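Worksheet for the structure shown next.
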Protein chains: 2
Amino acid sequence: METRLKDAGYRITQSRRAVLRALEGGPAHVSAAQVLALGRKTCKTLSRASVYRTLEALEATGALRALPSPDGRVYVRVTDGHHHLVCQGCGDVQDFDGCALCNAWAPVAEAEGFSVAGHLLEVFGLCKSCREEEVVHVSEGSERS
Amino acid sequence: METRLKDAGYRITQSRRAVLRALEGGPAHVSAAQVLALGRKTCKTLSRASVYRTLEALEATGALRALPSPDGRVYVRVTDGHHHLVCQGCGDVQDFDGCALCNAWAPVAEAEGFSVAGHLLEVFGLCKSCREEEVVHVSEGSERS
DNA sequence: CGCTTAAAGAGACTGTGTCTCGATAAGTAT
DNA sequence: ATACTTATCGAGACACAGTCTCTTTAAGCG
Ligand SMILES: [Zn+2]
Ligand SMILES: [Zn+2]
Ligand SMILES: [Zn+2]
Ligand SMILES: [Zn+2]
């Protein structure tokens, strides 16, 4: 990632390095706030503005992708997916791969004069563990008294 | 939608009605802020809190679905199509058909132990007219010297 | 009509993301 | 190594979304 930044003409600074380390060490989905917190461990003066600037730079070079999530924006390394299985039981979100499949509709969109910049596929349902749980408390409806 | 709320045990108030009207009259994708603005046209004292409360109630009854978008959260009626071309220029949203195509990934999700209840495909980009406009202000590159 | 209580509205509060500005240090040329 | 240029920095102001609390209001019902 660092090389990528440098090649694109960005300077490599302490702050940027801290952000990179945070991204590498942190979870697959990170929020800007998390990056800031993690980054401060290696660069005590790291500022919020720098975090956003660096994330933006990384996004511009294609190393990172910002993606909307139920609570704010999260960043994922481009190697990760943008297709989500959203569990309606526990609220958990997991990625799954499927770009090859969903690319099929891109031509459909373009046939309508639309130029595609990106897409988001949200699949709603129940995850494995929630489905098993569901079987247990079947009777109690989701009714309001 | 109103019946749905009532059946679930919610009271039908002026504020709620204003929100419902806003949702029916407004665009396919609306933000909470938009609902508030639209709703104030029919209920001058409508408050932000009420908007959020009503949206939450509608979501709970399954009449509405909140979904993360590149800029904030937007709400869509569940009865509407679930394949959208969202223009990042003018904000316009148009449906397009593609279920036949996107159903291909359902087995993929189920292979992960996930039971699919529904899905939503959001395609972001530029509509025809916005793209033509874009051509005009090309020169100002987003390039880094 | 009057009671009960869900719901309303106002506004404080938190957190995210943007922006500006003077200070700093990265890269480069001497 | 030193000095210079300028991208980048950190701090803090700002705008806005969303949540929460508290007091008042009105929906639904007998
Ligand atoms: Zn679950
Ligand atoms: Zn895809
Ligand atoms: Zn457009
Ligand atoms: Zn579909």
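Just so we're on the same page: letters track the sequence lines, and every chain starts at 1. When reading the values below, keep in mind they use all heavy atoms of this one structure, side chains included, and skip hydrogens, waters and symmetry mates. In this text the structure is predicted, and so the values were computed from the model without any measurement.
- The shortest heavy-atom contact between Leu126(B) and Cys87(B) is CA-SG, 4.0 Å.
- Closest approach to the Thr13(B) side chain among dA8(C), dA26(D), dA17(D) is made by dA8(C) (side chain taken as heavy atoms from C-beta onward).
- With a 4.5 Å cut-off on side-chain heavy atoms, Tyr75(A) and Val35(A) do not count as touching.
- With distances taken from any side-chain atom of Ser15(A) to the nucleotides dC9(D), dT5(C), dA26(C), the minimum falls on dC9(D).
- Comparing Lys6(B) and Tyr75(B) by the nucleotide of DNA chain D that holds the closest heavy atom to each, the one mapping nearer the 5' end is Tyr75(B).
- Computed from coordinates, the Arg11(B) CZ to dA26(D) P distance equals 13 Å when rounded to whole Å.
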*Passes side chain to side chain contact (heavy atoms under 4.5 Å, CB included), Ile12(A) versus Leu20(A)? Steps please.*
CA-CA 10 Å; Ile12(A) 303 305; Leu20(A) 294 185; 5.8 Å; no

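- Within the 3.5 Å criterion, the main-chain N or O of Ala66(B) finds no donor-acceptor partner in the side chain of Arg73(B).
- Counted by atom type alone, His83(B) and Asp95(B) present zero donor-acceptor pairs between their side chains at under 3.5 Å.
- Distance, Arg40(B) CZ to dA10(C) P: 7 Å, rounded to whole Å.
- For the pair Ile12(B) CD1 and dC29(D) P, the interatomic distance rounds to 11 Å; values are reported in whole Å.
- Annotation: proximity of residues 42-52 of chain A to DNA chain C (heavy atom, distance under 4.0 Å) is found for Arg48(A), Ala49(A), Tyr52(A), numbered in ascending order.
- A donor-acceptor pair is defined here as one N or O able to donate and one able to accept, closer than 3.5 Å; such a pair exists between the side chain of Gln34(A) and the backbone of Ser31(A).
- Per the geometry, CG belonging to Leu36(B) stands 14 Å off P belonging to dT19(D), to the nearest Å.
- Straight-line distance from the CZ atom of Arg17(B) to the C1' atom of dA6(C): 16 Å, rounded to whole Å.
- Using five terminal pairs a side, the axes of the helix from dC1(C)-dG30(D) to dT30(C)-dA1(D) at its two ends make an angle of 30°, given in steps of 10 degrees.
- Atom CD of Glu56(A) and atom C1' of dT8(D) are 13 Å apart (whole Å).
- Of the possible polar contacts, none joining the Ser50(A) side chain to the Leu46(A) backbone as a donor-acceptor pair under 3.5 Å is found.
- When the nucleotides dA7(C), dA26(C), dC9(D) are ranked by their closest atom to the side chain of Arg16(A), dC9(D) comes out on top.
- For a distance-only test at 3.5 Å, the side chain of Arg53(B) fails to qualify as a donor-acceptor partner of the base of dG18(D).
- Set against dT19(D), dT16(C), dG28(D), the side chain of Ala33(A) has dT16(C) as its closest nucleotide.
- Criterion: ILVMFWY side-chain heavy atoms under 4.5 Å apart, direct or through other members. Under it, Leu67(B) and Val78(B) are not part of a common hydrophobic cluster.
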_I'd like to know whether Glu24(A) forms a side chain to side chain contact (heavy atoms under 4.5 Å, CB included) with Met1(A), so could you lay out the CA-CA distance, the side-chain angles of the two residues, the decisive distance to 0.1 Å, and finally the verdict._
CA-CA 9 Å; Glu24(A) 272 153 18; Met1(A) 278 204 282; 3.8 Å; yes

